[in-house]
Amino acid sequence: MNSTIKIACIAFAALVCTNTVNAKKPEQGLKDAYKGYFSIGVAVNQRNISDPQQTALILKEFNSITSENDMKPGEIHPGRGVWNFEKADKVANFCREHHIKLRGHNLCWHSQFCNWMFTSPDGTPATKEQVYAELKDHIFTVVNRYKDIVYCWDVVNEAMSDSPTGNPFRDSRMYKLCGHDFIDSCFVWAHQADPKALLFYNDYNASQTHKRDHIYDMVKAMKDKGIPIDGIGMQGHYNVVYGTQNMAEQVDSAITMYSKVVKHIQFTEVDIRANEQMGGQLMFSRDAAPITDEIKAKLTQSYANLFQVLRKHKKVVDVVTFWNLSDKDSWLGTRNYPLLFDENLQPKAAYYAVRDFKKLKK
Ligand code: G3I
């Protein structure tokens, strides 16, 4: 057999072999692409973990799960002596069944809270001591119930003010009654309940310079007092204008600063909305303007910018969680076009920009 034919046969055999291997090799998901960088998480609702198409997508793409609402204080503990574990248990059992680690969200927040705690059993306003007793019981009960599957907790959520001036703490009911001491207490109780869980303070706009500095100062003070806090959760709710302009620089600076006081930083609620309003979430109505190709390109660029910064800080960033599975679930509304999967669960160009970063030119 002459050499030309021999080479052709070898090439054909290699082609067949490659195609066979590729035919059997499943397409990699986000979690596979980011092996060696950080875990990729998703916030789920009950539909996501019961619909076969959605559970298949979750299992392909993610290796961390957060319950969007079902583990929040007001949802799981709606009244004194009244517990509603059913939905949270379904999320926890999904994680146990599929061996996916679960982020606990959350133990104390001004919204969706156990507001009944502020009224004592006799109907009078509760004292700080009475609230502390109820909140400690809440934290011990919830943390102990899920300690086999929960690897970290958002212990306190959004306790800082949005104002660049004045009191750095949010003037919440808890703050009014207890001062900011409640933050320390929640971390102490959570650590007592599960010493192995990583404990996070979680907030939005955590890259904005004034809020960043307030969070840094609070966490440093907690560390100096020996309060068991392990990390800072940066929620990561952005928009396409900020995302294509100065988001990357601010996120980069914030991670660098936070990494001086904590060893763990997690992006806990990532989405990038199409509207330009900060704060007010523009829930696109049916007659809202269509999502243009320009918006789609801005979304892709914003996610590319964000994940480039996150990869740079892979030594301290250990989980990046998307807030909701697809645009259909998003708290921002489908017309804000905020996630990597559209309302039909189809990957956008932004998905490939995030997943296939190794193929992109350096
Ligand atoms: O459970 C009730 C249901 O019984 C009722 O029929 C229905 C209609 O009123 O409301 C349901 O409660 C809703 C809840 O989500 C569960 O679906 C609340 O109205 C609704 O306000 C709540 O919104 C959640 C929001 O937190 C509450 O502030 C969003 O789904 C959730 O994505 C969002 O998530 C927060 C994070 O926990 C913390 N960071 C900010 C982020 C966005 O706000």
Side-chain angles (χ1 to χ4, degrees), residues 41-51 54 58 64-79 82-91 102-116 138 142 146 150 152-162 170 172-174 183 186 199-208 211 215 231-239 242 265-275 277-284 319-341 343:
V42 62
V44 300
N45 57 40
Q46 294 296 312
R47 289 183 308 279
N48 301 146
I49 59 171
S50 53
D51 169 67
Q54 296 179 59
I58 291 168
S64 176
I65 279 179
T66 305
S67 177
E68 179 186 14
N69 286 297
D70 298 327
M71 294 180 83
K72 290 173 178 173
E75 302 292 329
I76 204 169
H77 194 184
V82 180
W83 293 92
N84 176 15
F85 291 120
E86 184 190 0
K87 291 181 179 178
D89 284 354
K90 283 181 179 174
V91 176
L102 177 59
R103 289 197 87 255
H105 178 80
N106 56 59
L107 297 175
C108 183
W109 186 28
H110 64 276
S111 177
Q112 291 177 288
F113 187 62
C114 309
N115 290 320
W116 53 266
H138 174 84
V142 175
Y146 301 112
V150 168
C152 68
W153 277 101
D154 287 333
V155 176
V156 173
N157 196 51
E158 303 174 12
M160 303 310 284
S161 164
D162 292 315
R170 180 184 295 271
S172 65
R173 285 183 75 171
M174 192 66 82
I183 302 171
C186 287
L199 304 180
F200 285 78
Y201 172 74
N202 187 48
D203 214 331
Y204 61 86
N205 291 350
S207 308
Q208 270 181 1
K211 198 164 184 182
I215 291 170
I232 292 169
M234 300 170 67
Q235 292 183 7
H237 295 297
Y238 300 120
N239 68 56
Y242 176 58
I265 293 172
Q266 296 187 4
F267 274 67
T268 56
E269 307 182 13
V270 174
D271 46 36
I272 301 179
R273 58 186 177 276
N275 80 78
Q277 291 181 4
M278 289 301 287
Q281 274 71 40
L282 175 60
M283 302 300 180
F284 275 101
V319 187
V320 178
T321 295
F322 289 92
W323 202 249
N324 302 115
L325 178 62
S326 77
D327 290 354
K328 186 174 182 178
D329 302 301
S330 177
W331 68 292
L332 293 165
T334 303
R335 299 307 302 272
N336 256 305
Y337 200 65
L339 295 163
L340 298 185
F341 297 97
E343 58 190 314

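Atoms within a ligand are numbered from 1 in the order they appear, just like the ligands themselves.
Trp116 is linked by a ring-ring contact (aromatic ring centres under 6.0 Å, His included) to His77, counting only residues two or more places apart in sequence or in another chain. Applying the ring-ring contact (aromatic ring centres under 6.0 Å, His included) rule to Phe341 yields the partners Tyr351; only residues at least two apart in sequence or on another chain are considered. By the side-chain hydrogen bond (donor to acceptor under 3.5 Å, both in side chains) test, Asp327 pairs with Lys348, sequence neighbours left out.
For the side-chain hydrogen bond (donor to acceptor under 3.5 Å, both in side chains) with Glu269, the lone residue among Thr321, Thr66, Asn324, Asn202 that qualifies is Asn202.
At a heavy-atom cutoff of 4.0 Å, ligand 1 is surrounded by Glu68, Asn69, Lys72, His105, Trp109, Ser111, Gln112, Asn157, Glu158, Gln235, His237, Glu269, Trp323, Trp331.
Side-chain contact, Glu75 with Asn69: no donor N or O sits under 3.5 Å from an acceptor N or O.
Between Trp83 and Phe85, the two ring planes are parallel [angle under 30°; tilted spans 30° to 60°].
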